[in-house]
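Worksheet: the structure to be examined is printed underneath.
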Amino acid sequence: MSLLPFLKRKETDDIGVNPDVEALLQDYSIEVMPRTAEKVEDFRELLPAGTRVYIAHIEGTPIEDMVTTAKRLAADGYRVMPHFPARIIKDQATLAEWIAQYRGEAGVDQALLLAGGVANRHGDFESSMQLMETGLFGDFKRLHVAGHPEGNRDIDTDGTDKNVMDALRWKQTFSETTDADMALATQFAFDAKPIIAWADSLRDAGITIPIHIGIAGPAKLQTLIKFAIACGVGPSLKVLQKRAMDVTKLLLPYTPTEVLTELAAHKAANPDFNIERVHFFPLGGIKTNANWAIANGGSAAVPASQS
């Protein structure tokens, strides 16, 4: 394995790393797609051993490409977590075949279950809850489901959070009856305050599933605004819009330093805060995101007792 990430980490030690951010970044995860993974010659040059790597399943991606990517990442020593988007899965037989391929060829035992961002379902499934009800994930060690710190207009068209909260209560009950470890992997947001308020509201509602907070990695400002609008990011989009109006910052790349610094400080002051991990969306590129994480103390090293 290359020593490059650790040499870079040594360089950053000399200029200082925020200890609270460093603590929050431990065991971070990151997301790839088959087509972006193909552009990475060697993930071991970028990600420490044991990193949890999600594989996003975009509509139209052949399952063979997903499984090939999972097999490659698993062989390199990463914890692989493919997406299972309910609305693009034809039926239970298709779901069973996908699981069999992932299990048999890549040893996958972790999955992110979500509805999927398509308007019209392709088959029998509408929601992640229906996937869980099949029982086909019974021997998986870890199941993650989606979280939405700023709401989800596709689920709650009236702007409330009623349907989202009903679904989270169902998943909370499921988490209490399954052997799999669960977490909420969230959409990305850019402002710590609404994230903190949302996380606290879940705890107050009795939702104790740990949160793996979605964070957009370093990228051009225009790129982030485009993705934020497409993904329905809510109030925190104003953070980017305000930055875009500042001529001195317009041409500078965005980094998640500010939002993570505030979240990390809150976590340090409130150790029982239910945000457990950081999950990166590398919208500016995997290499750019990985190097930023290294420079800020991030390590994906995981104790042997965890999965």
Side-chain angles (χ1 to χ4, degrees), residues 12 15-31 51-52 54 144 146-152 183-203 210-246 248-300:
T12 62
I15 59 175
V17 170
N18 183 319
D20 293 341
V21 172
E22 181 177 21
L24 185 60
L25 287 179
Q26 298 314 294
D27 195 21
Y28 71 85
S29 58
I30 197 165
E31 185 166 296
T51 306
R52 177 173 291 112
Y54 292 61
H144 289 187
H148 306 279
E150 298 180 329
N152 188 319
L184 296 177
T186 82
Q187 180 59 277
F188 56 86
F190 302 98
D191 187 351
K193 291 180 179 61
I195 293 173
I196 292 169
W198 172 76
D200 287 346
S201 74
L202 294 194
R203 182 189 57 208
I211 297 168
H212 292 200
I213 192 68
I215 295 292
K220 293 180 181 178
L221 189 58
Q222 298 91 327
T223 299
L224 287 185
I225 291 175
K226 179 184 73 174
F227 276 107
I229 293 173
C231 295
V233 171
S236 72
L237 178 59
K238 294 177 182 178
V239 172
L240 298 186
Q241 293 169 331
K242 181 179 180 181
R243 183 185 179 96
M245 290 187 289
D246 186 338
T248 64
K249 296 180 179 180
L250 180 60
L251 299 179
L252 297 176
Y254 166 89
T255 70
T257 304
E258 185 173 341
V259 62
L260 282 176
T261 298
E262 191 168 343
L263 287 174
H266 186 81
K267 176 78 171 177
N270 302 272
D272 61 344
F273 185 47
N274 49 354
I275 288 182
E276 181 182 74
R277 301 282 186 270
V278 170
H279 173 61
F280 282 115
F281 292 85
L283 303 181
I286 298 168
K287 183 176 181 179
T288 298
N289 200 147
N291 286 338
W292 185 92
I294 291 166
N296 285 273
S299 169

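Values in this document were obtained by computation on a predicted structure and should not be read as measured data. Atom set for the values below is all heavy atoms of this structure, side chains included, hydrogens, waters and symmetry mates excluded.
The CD1 atom of Ile211 lies 5.5 Å from the CD1 atom of Ile275; values are rounded to the nearest 0.5 Å. Taken from CZ in Phe281 to CD in Gln187, the straight-line distance is 5.5 Å, to the nearest 0.5 Å. Expressed to the nearest 0.5 Å, how far CZ of Phe188 lies from CD of Glu31 amounts to 10.0 Å. Summarising the geometry, atom CG belonging to Leu25 is positioned 6.0 Å from atom CG belonging to Leu260; distances are rounded to the nearest 0.5 Å. Distance CZ/Arg52 to CZ/Arg277: 8.0 Å, rounded to 0.5 Å.
Every residue two or more places apart in sequence or in another chain that forms a side-chain contact (heavy atoms from CB on, under 4.5 Å) with Ala290 is listed here: Leu46, Leu47. Applying the side-chain contact (heavy atoms from CB on, under 4.5 Å) test to Ala264 and every residue at least two apart in sequence or in another chain returns Asp20, Val21, Leu24.
Taking the centre of each ring, Phe190 and Tyr254 come in below the 6.0 Å mark.
Counting only N and O atoms by type, the side chains of His144 and Tyr54 include a donor and acceptor under 3.5 Å apart.
For the pair His212 and Glu276, the tightest heavy-atom approach, listed with the atom from each and the gap, is NE2-OE1, 2.9 Å.
Side chains of Asn289 and Pro218 form a contact here, defined as non-hydrogen atoms less than 4.5 Å apart.
Gln26 places a side-chain N or O within donor-acceptor distance of the main-chain N or O of Glu22, the cut-off being under 3.5 Å.
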